[in-house]
> 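Before anything else, here's the structure in question.
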Amino acid sequence: MRYIAYGGDGSAASLHLAQAPTPTPDAGELLIEVHCAGVNRPDLMQRQGRYPPPPGASPILGLEVAGIVAARGADVGDWELGQPVCALVPGGGYADFCVTPAGQALPIPPGLSMAQAAGLPEVWFTVWANLVELAGLGAGERLLVHGGSSGIGLAALQLARELKAEAVFTVGSPEKARFCLAYGARAAIEYRHEDFAAAIDQLYGGEGVDVVLDMIGAPYLTRNVRVLRRGGRLVFIAFQQGSRGELDLREILARRLHLTGSAMRPRSIAEKTAIRDALRRRIWPALADGRVRAHVHASFPIEEARRAHELMERGEHIGKLVLQVRG
Ligand SMILES: NC(=O)c1ccc[n+]([C@@H]2O[C@H](COP(=O)([O-])OP(=O)(O)OC[C@H]3O[C@@H](n4cnc5c(N)ncnc54)[C@H](OP(=O)(O)O)[C@@H]3O)[C@@H](O)[C@H]2O)c1
């Protein structure tokens, strides 16, 4: 099969097509003929050697795919050969074929293209795990999401709406602000020109928010904590600008704050299956009836994976980038 390899220098320019044996599914696994693969920032980090795949995972890039079931291992339940499917995969998505635990696969919601479906699993598994399970975001609460126009950000915005919570975003340009507002954000704060903490103070009269979803890290730490109101939760999903910071711990005590976070990839298959089941129950019907949308900014033929990575590095996209592997 064809797959996308990368060179030792870890540059986007080193991404190229190569050949490898087609994997075979073990018990509990599906082999997917990949039609589209989602591109995620963790793929860029893996290419740069900063996010090695966990033990046992395919070393090939790619954390999510959409395609059709091409082969079944034993005990995979009622998945049928030829059935359209999308999946959170342990790795290996940038390829003609990819194996995944059956418990991480989901049907393609009616009306969605393969490209749209390929961009669902990574962001939805991540926001569900972090906002619902860790932060316990609830009805009537306020959420601040950094990077609102990212794939993760747009999923977080729509999840907040499904939970009847209110979402505020930081974004890097007026165009991204307009986009997030049109998606239903209460406010979009342009972080290059405004101090987000001051903007939150102004928006909520100094009261703050209940949950912050952070992907920036060190330079935002004190302000993220400051904008949390009593009982607030700060959830880390990445540290784009550093993971070491200093904090006055008295703030945690005084306002009973919770600091938490998680990474999706190292979680067990059982945990991912439980998240899959929750998404299938709560979010997949909303995707089917159009209440929740999947926004693909651009899709590239697999041999042009380099262009997709370069676009993500420039940060010019809104929502998801996708590789077209077949068709
Ligand atoms: N923990 C997990 O399991 C997990 C899983 C998947 C992804 N992630 C992380 O989630 C993040 C989003 O992933 P993605 O694939 O959706 O990537 P992406 O589309 O490239 O998003 C990156 C986002 O970071 C924002 N950003 C950069 N600097 C910022 C700053 N100073 N202030 C506020 N926002 C800033 C960008 O905003 P602008 O473009 O508006 O500048 C952009 O929206 C990444 O950091 C990724 O590593 C974590």
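Whatever order the structure lists them in is the order used to number ligands and atoms, beginning at 1. Bear in mind that the values here come from a model prediction, so they are computed numbers and not experimental data.
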> Please state which option from G151, G153, G217 has its nearest heavy atom closest to atom 16 (O) of ligand 1.
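Ranked by closest heavy atom to atom 16 (O) of ligand 1, first place is G151.
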
> Kindly list each side-chain donor-acceptor pair under 3.5 angstrom involving residues 171-186, sequence neighbours excluded, with atom names and distances?
{"from": "S173", "atom 1": "OG", "to": "K176", "atom 2": "N", "distance (Å)": "3.1"}
{"from": "K176", "atom 1": "NZ", "to": "G315", "atom 2": "O", "distance (Å)": "2.5"}
{"from": "R186", "atom 1": "NH1", "to": "E166", "atom 2": "OE2", "distance (Å)": "2.9"}

> Can you name the nearest heavy-atom pair linking W79 to A102, along with the distance?
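Heavy atoms only, the tightest pair is NE1-O, 3.6 Å.
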
> Please verify whether a non-hydrogen atom of R192 lies at under 4.0 Å from ligand 1.
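The answer is yes: ligand 1 sits under 4.0 Å from a heavy atom of R192.
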
> With heavy atoms only and a cut-off of under 4.0 Å, state how S150 meets ligand 1: side chain, backbone, both or neither.
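Both backbone and side chain.
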
> Should R282 and E162 count as an ion pair when the cut-off is N to O under 4.0 Å?
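Salt bridge between R282 and E162, a charged N being under 4.0 Å from a carboxylate O: no.
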
> If the condition is ring-ring contact (aromatic ring centres under 6.0 Å, His included), which residues does H146 pass it with, not counting sequence neighbours?
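With sequence neighbours excluded, H146 shows a ring-ring contact (aromatic ring centres under 6.0 Å, His included) to F196, Y220, given in chain and number order.
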
> Does H317 have a non-hydrogen atom less than 4.0 Å from ligand 1?
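Yes, that is the case, since the closest heavy atom of the residue is under 4.0 Å from the ligand.
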
> Taking atom 33 (C) of ligand 1 as the point of reference, which of F236, Y191, F196 owns the nearest heavy atom?
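Considering heavy atoms of F236, Y191, F196, the nearest to atom 33 (C) of ligand 1 sits in Y191.
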
> Would you tell me which option among V39, I152, T126 has the nearest heavy-atom contact to atom 2 (C) of ligand 1?
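Shortest heavy-atom distance from atom 2 (C) of ligand 1: T126.
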
> Considering all heavy atoms of both residues, which atom of A115 and which atom of V296 are nearest to each other, and what is their separation?
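Closest approach of A115 to V296, heavy atoms only: O-CG2, 3.8 Å.
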
> Is it the side chain (CB and beyond), the backbone, both or neither of E122 that lies under 4.0 Å from ligand 1, heavy atoms counted?
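For E122, only side-chain atoms sit under 4.0 Å from ligand 1.
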
> V171 heavy atoms, cut-off 4.0 Å: which ligand 1 atoms fall inside?
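Reading through ligand 1 atom by atom, the close ones are 40 (O).
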
> Have a look at F125, F239, Y220 and point out the one with the heavy atom closest to atom 32 (N) of ligand 1.
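Residue with the shortest heavy-atom distance to the ligand atom: Y220.
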
> Yes or no: does S173 have any heavy atom under 4.0 Å from an atom of ligand 1?
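In this structure, S173 fails to qualify as a contact of ligand 1 - no heavy atom is under 4.0 Å.
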
> Please confirm whether Q241 approaches ligand 1 to less than 4.0 Å, judged on its heavy atoms.
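Checking ligand 1 against Q241, which is what was asked, there is a heavy-atom contact under 4.0 Å.
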
